[in-house]
Amino acid sequence: MTFQEQIQQGIPNQLPQPKPYETNINHAPKRKEILGEEEKKLALKNALRYFDPQFHAELLPEFKEELEKYGRIYMYRFRPDYEMKARPITDYPGKSEQAKSIMLMIQNNLDYAVAQHPHELITYGGNGAVFQNWAQYLLTMKYLSEMTDEQTLTMYSGHPMGLFPSHKDAPRVVVTNGMVIPNYSKPDDWEKFNALGVSQYGQMTAGSYMYIGPQGIVHGTTITVLNAFRKIKKETKGGLFVTSGLGGMSGAQPKAGNIAGCITVCAEVNPKITKIRHDQKWVNEIHDNVDELVTRVKKAQENKETVSLAYLGNIVEVWEKFDEEDLRIDIGSDQTSLHNPWAGGYYPVGQSFEESNTMMAEDPELFKEKVQETLRRHAAAINKHTEKGTYFFDYGNAFLLEASRAGADVMADNPTLGREFKFPSYVQDIMGPMCFDYGFGPFRWVCTSGKPEDLQKTDEIACQILEEIQKNSPEEIQQQMKDNIQWIKGAQENKLVVGSQARILYADAEGRMKIAEAFNKAIKSGEIGPVVLGRDHHDVSGTDSPYRETSNIYDGSRFTADMAIHNVIGDSFRGATWVSIHNGGGVGWGEVINGGFGMLLDGSAEADRRLKSMLFWDVNNGISRRSWARNEGAIFAIKRAMEVEPNLKVTLPNMVDDNLL
């Protein structure tokens with residue numbers, strides 16, 4: 001069968017042969033056993049309902065073995081034989097160009113070069129899934145190949161509920177992930193619902209088909225590192241940045257450190273992913289001896305090198321050893337997957353990677369004790385460095401939240417609403433006031449032709465647009481404009497593409513709309529092929545997350561999720577090709593609600609109309625919420641937006657004199 005025929009087939013009429021478990025692939029860890037006997041039967045019934053009853057007797061023992069061995073039913077047998085990668089949009093079968101663009105993005109999320117655990121359909125973060133099993137993938141791709149522009153596909157946590165009649169201006173796909181009743185949103189609830197096959201953790205851009213590999217986080221991390229050094233008034237050259245994690249998102253840190261121009265030390269316990277990052281040249285050197293690491297860092301400081309050093313071991317060993325050696329750390333953070341602390345997101349010190357994985361599955365309570373003990377040591381070591389002048393920030397991975405739950409010394413001596421921890425979230429001190437409040441966030445695009453020359457052309461278009469906008473930009477946003485022009489000029493030489501021909505760029509509503517409009521004109525004239533627009537959920541308006549995206553909201557509303565819900569509803573009727581809304585993300589299940597979108601530009605007048613309507617709303621929804629919380633930069637930005645658009649009328653806050661209170 002051809003690739004197109006396999007897509008159109010969906011779930012095959014004849015059972016494919018069982019597939020061997022490929023040990024050279026990075027696999028998800030075994031999930032802990034959480035189902036009772038009756039629940040296991042229910043999980044098996046739920047899995048078998050995708051298949052004709054004539055196959056149930058053969059599939060039942062196989063699915064039972066998967067459930068017992070891995071803690072989930074992945075249906076490995078049904079993994080496609082074709083290479084999993086984003087193909088040119090013209091290679092996909094179908095009646096709708098919009099649907100074809102979504103197929104392309106789904107396959108990009110599962111590309112072996114992009115996905116963290118591709119055989120388990122997990123893109124990043126240890127549990128950020130595109131689908132729960134391979135039957136869902138096959139059925140979804142079939143539906144997309146049949147879809148017209150008068151239909152909408154509804155996705156229930158990876159399950160394609162079906163194609164429903166709609167209209168051409170409706171989204172082609174509406175995605176929800178993990179939208180459980182609030183009182184059933186604890187971590188163990190996710191484990192149970194996911195094992196039953198009824199819900200999944202979509203992370204942010206994993207379950208919304210908008211991940212573009214670590215490039216997205218490289219840009220955000222570069223801006224964060226640059227601004228962290230600016231905050232402590234130190235140049236990056238010769239400065240030392242210490243952190244941990246080299247997995248899906250965190251793997252961007254050493255690359256970003258190199259672009260920023262500092263010395264980066266990044267610890268990672270997983271040998272396989274450490275080697276991958278080194279092979280990708282995202283990290284320059286690997287060290288597994290902490291004494292030798294100290295010597296290497298001292299040399300790098302003396303020579304003011306720009307270099308990234310991976311430490312194959314536990315980050316606690318680095319913080320403690322650098323303290324003993326009185327080695328000055330300028331900025332520090334952590335980007336392990338602490339939203340997922342008990343299932344592979346964070347590893348205890350003093351035992352091997354393999355020992356930890358065994359304990360995680362076989363003795364989860366002891367594993368939890370070891371993790372919390374390590375978090376206490378981790379925080380204690382950081383405190384010693386911050387007393388010497390290190391600037392430490394929480395990188396939105398729930399480090400401070402989980403450390404506080406472990407009883408670590410991370411709480412502020414004099415807490416105020418929104419400043420409970422002794423260390424800030426990077427959003428509180430850097431990304432919020434410097435970027436999000438002004439409307440700057442991670443706008444991204446994918447060239448669906450798959451041609452590198454199309455990506456280069458879009459880079460040039462975006463750079464020209466930004467340089468033109470900068471000429472008349474107010475002083476308040478000049479630094480943001482300069483950083484992004486510098487980024488886009490260096491994007492090609494930094495070799496950031498992994499998987500699809502994609503690019504990310506921090507831009508405000510004006511920048512996004514003008515860049516998208518220019519792309520659409522270039523598509524219409526035949527200069528480039530169609531382009532998919534999107535963004536990270538980690539943006540101005542897409543996400544309500546009290547310890548990350550909305551951590552610099554101090555009016556008490558940071559625990560509300562109205563903004564994210566309004567965002568996805570508003571995007572859906574203003575022209576998005578697909579929309580998504582998720583429970584959970586980089587900070588954990590039950591800790592965040594986040595939404596995203598995708599939009600196909602095809603050169604048409606309809607695409608031009610949609611992009612102007614949707615992109616303006618997608619950004620200014622968040623700015624208006626931030627301005628109502630009395631954020632100074634957001635008040636400036638929303639007033640400026642109202643001057644540009646007479647149909648925008650936003651309620652502004654009146655300031656209260658603190659002395660009066």
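Below, all heavy atoms of this structure are taken into account, side chains as well, without hydrogens, waters or symmetry copies.
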Will you find, in the side chains of [X] and [Y], an N or O donor that is under 3.5 Å from an N or O acceptor?
| X | Y | result |
| --- | --- | --- |
| S208 | H537 | yes |
| Y209 | Q107 | no |
| D618 | S541 | no |
| N594 | H538 | no |
| N194 | Q200 | no |
| H339 | N127 | yes |
| T148 | E150 | no |

On a heavy-atom basis, which atom in [X] and which in [Y] lie closest, and how many Å separate them?
| X | Y | value |
| --- | --- | --- |
| Q8 | P93 | NE2-CB, 3.7 Å |
| V174 | P171 | CG2-CB, 4.2 Å |
| S624 | V650 | CB-CG1, 3.7 Å |
| I504 | P442 | CD1-CB, 3.5 Å |
| K168 | R172 | O-NH1, 3.2 Å |
| R625 | T560 | NH2-OG1, 3.5 Å |

T154 vs Y143, side chain to side chain contact (heavy atoms under 4.5 Å, CB included): CA-CA, chis, key distance, verdict: CA-CA 10 Å; T154 57; Y143 277 138; over 6 Å; no
Salt-bridge present ([X], [Y]; N to O < 4.0 Å):
| X | Y | answer |
| --- | --- | --- |
| K457 | D454 | no |
| E549 | R558 | no |
| K514 | E510 | yes |
| E83 | K85 | yes |
| D508 | R512 | no |
| K524 | D602 | no |
| E22 | R79 | yes |
| R610 | D169 | yes |

So, [X] side chain and [Y] main chain: donor-acceptor pair closer than 3.5 Å or not?
| X | Y | answer |
| --- | --- | --- |
| Q132 | S157 | yes |
| Q116 | G125 | yes |
| E467 | Q464 | no |
| N620 | F616 | yes |

Hey, could you give me the [atom1]/[atom2] distance between [X] and [Y], rounded to the nearest 0.5 Å?
| X | Y | atom1 | atom2 | value |
| --- | --- | --- | --- | --- |
| H566 | D544 | NE2 | CG | 10.5 Å |
| Y70 | R31 | OH | CZ | 13.5 Å |
| T543 | I581 | OG1 | CD1 | 8.0 Å |
| M642 | S627 | CE | OG | 7.0 Å |
| Y506 | F443 | OH | CZ | 13.5 Å |
| L611 | L601 | CG | CG | 6.0 Å |

Intermediate values then yes/no, salt bridge (Lys or Arg N to Asp or Glu O under 4.0 Å), K95 and E146: CA-CA 6 Å; K95 305 167 186 173; E146 297 170 348; over 6 Å; no
Check against side chain to side chain contact (heavy atoms under 4.5 Å, CB included), Q492 and R503: CA-CA 10 Å; Q492 293 281 335; R503 184 67 71 227; 3.6 Å; yes
Within the 6.0 Å centroid threshold, strictly below: [X] and [Y]:
| X | Y | answer |
| --- | --- | --- |
| F55 | Y50 | no |
| W578 | F597 | no |
| H582 | Y201 | no |

Derivation of the salt bridge (Lys or Arg N to Asp or Glu O under 4.0 Å) call for R77 and E58: CA-CA 12 Å; R77 177 197 289 253; E58 184 174 346; 3.5 Å; yes
Flag if over 12 foreign heavy atoms under 6.0 Å of CG, D52: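 Result for CG/D52: enclosed.
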K19 atom NZ, over 12 foreign heavy atoms within 6.0 Å: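 Check passes, neighbour count above 12.
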Parallel, tilted or perpendicular: rings of Y76 and Y74 (30°, 60°):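 Plane angle between 30° and 60°, so tilted.
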Aromatic plane relationship, F519 with W445 - under 30° parallel, 30 to 60° tilted, over 60° perpendicular: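 It falls in the perpendicular class, over 60°.
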Derivation of the side chain to side chain contact (heavy atoms under 4.5 Å, CB included) call for L505 and W487: CA-CA 8 Å; L505 177 76; W487 166 267; 4.1 Å; yes
Side chain to side chain contact (heavy atoms under 4.5 Å, CB included) between T2 and I7, intermediate numbers included: CA-CA 9 Å; T2 64; I7 292 290; over 6 Å; no
Stepwise salt bridge (Lys or Arg N to Asp or Glu O under 4.0 Å) check, E191 with R72: CA-CA 9 Å; E191 294 280 359; R72 298 291 186 271; 2.8 Å; yes
Pairs involving residues 85-122, ordered by first then second residue, that meet ring pair (Phe, Tyr, Trp, His ring centres under 6.0 Å) (sequence neighbours left out):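 Applying ring pair (Phe, Tyr, Trp, His ring centres under 6.0 Å) to every pair that reaches into residues 85-122, excluding sequence neighbours, yields F3-Y92, H27-H119, Y112-H119.
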Passing option when W617 is tested against N621, V619, L615 for side-chain contact (heavy atoms from CB on, under 4.5 Å):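 Among N621, V619, L615, the one that satisfies the side-chain contact (heavy atoms from CB on, under 4.5 Å) with W617 is N621.
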